[in-house]
Engineer: 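Pasting a structure below so you can have a look.
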Amino acid sequence: MRSPKDFFRPLAVGAPAPLREVPANPSRMIHFFPPSNAKMVAKVPDIAPTVDVLLGNLEDGVPATDKEAARAGLIEVGKKWSTPDTQFWTRINSLDSPWALDDLQAAVLEIGDVLDVVMVPKVEGPEDIHYVDRLLAQLEAKAGLDRPILVHAILETAAGVARVEEICAASPRMQGLSLGPADLAANRRMKTTRVGGGHPGYLVRADPEGGDLEAPRATYQQDLWHYTIARMVDACVSNGIFPYYGPFGDIKDVQACEDQFRNAFLLGCVGAWSLHPVQIGIAKKVFSPDPKDVAHAQRVIEAMGDGTGAIMLDGKMEDDASVKQCRVMLETAKALAERDPELADLYGFSKED
Ligand SMILES: CCC(=O)SCCNC(=O)CCNC(=O)[C@H](O)C(C)(C)COP(=O)(O)OP(=O)(O)OC[C@H]1O[C@@H](n2cnc3c(N)ncnc32)[C@H](O)[C@@H]1OP(=O)(O)O
Ligand SMILES: O=CC(=O)O
Ligand SMILES: [Mg+2]
């Protein structure tokens, strides 16, 4: 662990100074595309303005035989990047793979000027972040960049979950964490075969009525990811960085995808991954506060005056703590509306709001 005095010093001569605060840019969906797929690369100009984050994925999902082509496709997209209101990220291969070093070098040296965030998979502890941190500083200095590239880690190993707080605090470059339920399930030796979401076998069953073990009993499916998401949210928030739900693999089951995204939103996540165009709209809907909640938040804030004390509104007690929740809702809505005039209209915000 670096001394607190050195925490905000650049890690290489000539590298840009680390940021003191991570920008709270809208990132409701991190849209994945495989840059080795020419058909999908051709869609980038149309998709980029419709998403908050576009991510060129170099890791899992790209066949081993296409790794170089994916890196070349990423560079091609970066060189033509002309959507400054959308963030541009990449996911590099894991640090123990034969590709990670070349991924990082190519990304920073060739397109570092347009790259906002590098997503690092399978992070096991702060030492992985320290390695990437120093390397990025050296590469930024070499490329003559004037602002630091941030780092986003995927929480997808048991060791990573056990050290999640240390990972979040490892560097001022840390932008956020995503839950990686597929790799995490494998690493934990969970007995599932899915990419995120629930499982019908993970349930609780109501007690037998009158002790009748033969009578039908209601069952309730439980959330496999609740513990990890809650831990991730606490670790992120206490370090001033942002938590995200990751992939939902059942592309056709848009309802369950929406439910999974909403659970994450309610627990504090700011966004999720979209793997297919159909998931972009789901993430946009879920991670933009509901206009009814925004209107309610405005009413509570107005009724609470200076924000202290206790009042009754519609039969419910409101006080200092509920007004703080309402401010979170309103601030989130305002930040999103600034970038999205349709949302501003939906919330009834005028330009002065
Ligand atoms: C599990 C842990 C992880 O690491 S998850 C992250 C790694 N996986 C990924 O990034 C997968 C990204 N998604 C994809 O590659 C595709 O969506 C997959 C899942 C293969 C499905 O593709 P496909 O069979 O073409 O679907 P489709 O016929 O329904 O597509 C309709 C049109 O949309 C396009 N499309 C599809 N996915 C994307 C995407 N991610 N970004 C941009 N465009 C996409 C398709 O090309 C297709 O276009 P068209 O209608 O033929 O012109
Ligand atoms: O990379 C994501 C995952 O779920 O694994
Ligand atoms: Mg993974």
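Read the numbers this way: they start at 1 and go in the same order the structure lists the ligands and their atoms.
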Engineer: Heavy atom under 4.0 Å from ligand 2: found in P247's side chain, backbone, both, or neither?
Structural biologist: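 Answer for P247: side chain.
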
Engineer: Can you confirm whether something in the protein, heavy atoms only, sits under 4.0 Å from atom 10 (O) of ligand 1?
Structural biologist: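 Under the 4.0 Å cut-off, atom 10 (O) of ligand 1 does have protein heavy-atom neighbours.
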
Engineer: Look at atom 23 (P) of ligand 1 and say whether a protein heavy atom is found at less than 4.0 angstrom from it.
Structural biologist: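 It does not; no protein heavy atom is within 4.0 Å.
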
Engineer: For ligand 2, which part of W273 has a heavy atom less than 4.0 Å away: the side chain, the backbone, both, or neither?
Structural biologist: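 Contact part for W273 vs ligand 2: side chain (C-beta onward).
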
Engineer: Just need the protein heavy atom nearest to atom 12 (C) of ligand 1, so name the residue and atom and give the distance.
Structural biologist: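 The protein heavy atom lying closest is L275 O, 3.2 Å.
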
Engineer: Restricting to N, O or S, what is the name of the atom of D183 that lies nearest the Mg ion (ligand 3)?
Structural biologist: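 Answer by atom name: OD2.
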
Engineer: Among protein heavy atoms, which lies nearest atom 4 (O) of ligand 2, and at what distance?
Structural biologist: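 Going by distance alone, atom 4 (O) of ligand 2 is nearest to A182 N, 2.8 Å.
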
Engineer: Any idea which protein heavy atom is nearest atom 2 (C) of ligand 2, and the distance to it?
Structural biologist: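 It is E156 OE1, 3.4 Å.
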
Engineer: Identify, for atom 26 (O) of ligand 1, the protein heavy atom at the shortest distance, and state residue, atom and that distance.
Structural biologist: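 Protein heavy atom with the smallest distance to atom 26 (O) of ligand 1: H276 NE2, 3.6 Å.
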
Engineer: Under 4.0 Å from atom 6 (C) of ligand 1, is there any protein heavy atom?
Structural biologist: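 When distances to the protein are checked, atom 6 (C) of ligand 1 has a heavy atom within 4.0 Å.
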
Engineer: At what distance is the nearest protein heavy atom to atom 52 (O) of ligand 1, and which residue and atom is it?
Structural biologist: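 In this structure, atom 52 (O) of ligand 1 has K43 NZ, 2.6 Å as its nearest protein heavy atom.
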
Engineer: With no hydrogens and no angle check, do the side chains of T228 and R188 hold a donor and an acceptor under 3.5 Å apart?
Structural biologist: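 T228 vs R188: donor-acceptor pair found between side chains.
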
Engineer: Look at D314 together with R299 and state whether they make a salt bridge at an N to O cut-off of under 4.0 Å.
Structural biologist: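 Looking at R299 together with D314, the answer is yes, because their closest N to O distance falls below 4.0 Å.
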
Engineer: Please state which protein non-hydrogen atom is closest to atom 37 (N) of ligand 1 and give its distance, to 0.1 Å?
Structural biologist: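 Nearest neighbour among protein heavy atoms for atom 37 (N) of ligand 1, to 0.1 Å: P277 CD, 3.5 Å.
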
Engineer: Is atom 35 (N) of ligand 1 less than 4.0 angstrom from at least one protein heavy atom?
Structural biologist: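 At least one protein heavy atom is under 4.0 Å away.
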
Engineer: Do protein heavy atoms approach atom 18 (C) of ligand 1 to less than 4.0 Å?
Structural biologist: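 Given the 4.0 Å limit, the answer for atom 18 (C) of ligand 1 is no, no protein heavy atom qualifies.
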
Engineer: Decide whether the shortest distance between a heavy atom of R194 and an atom of ligand 2 is less than 4.0 Å.
Structural biologist: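 No.
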
Engineer: When you compare ligand 2 with P181, is there at least one nitrogen or oxygen pair between them that comes in under 3.5 angstrom?
Structural biologist: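 Yes; the residue has a nitrogen or oxygen that sits under 3.5 Å from a nitrogen or oxygen of the ligand.
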
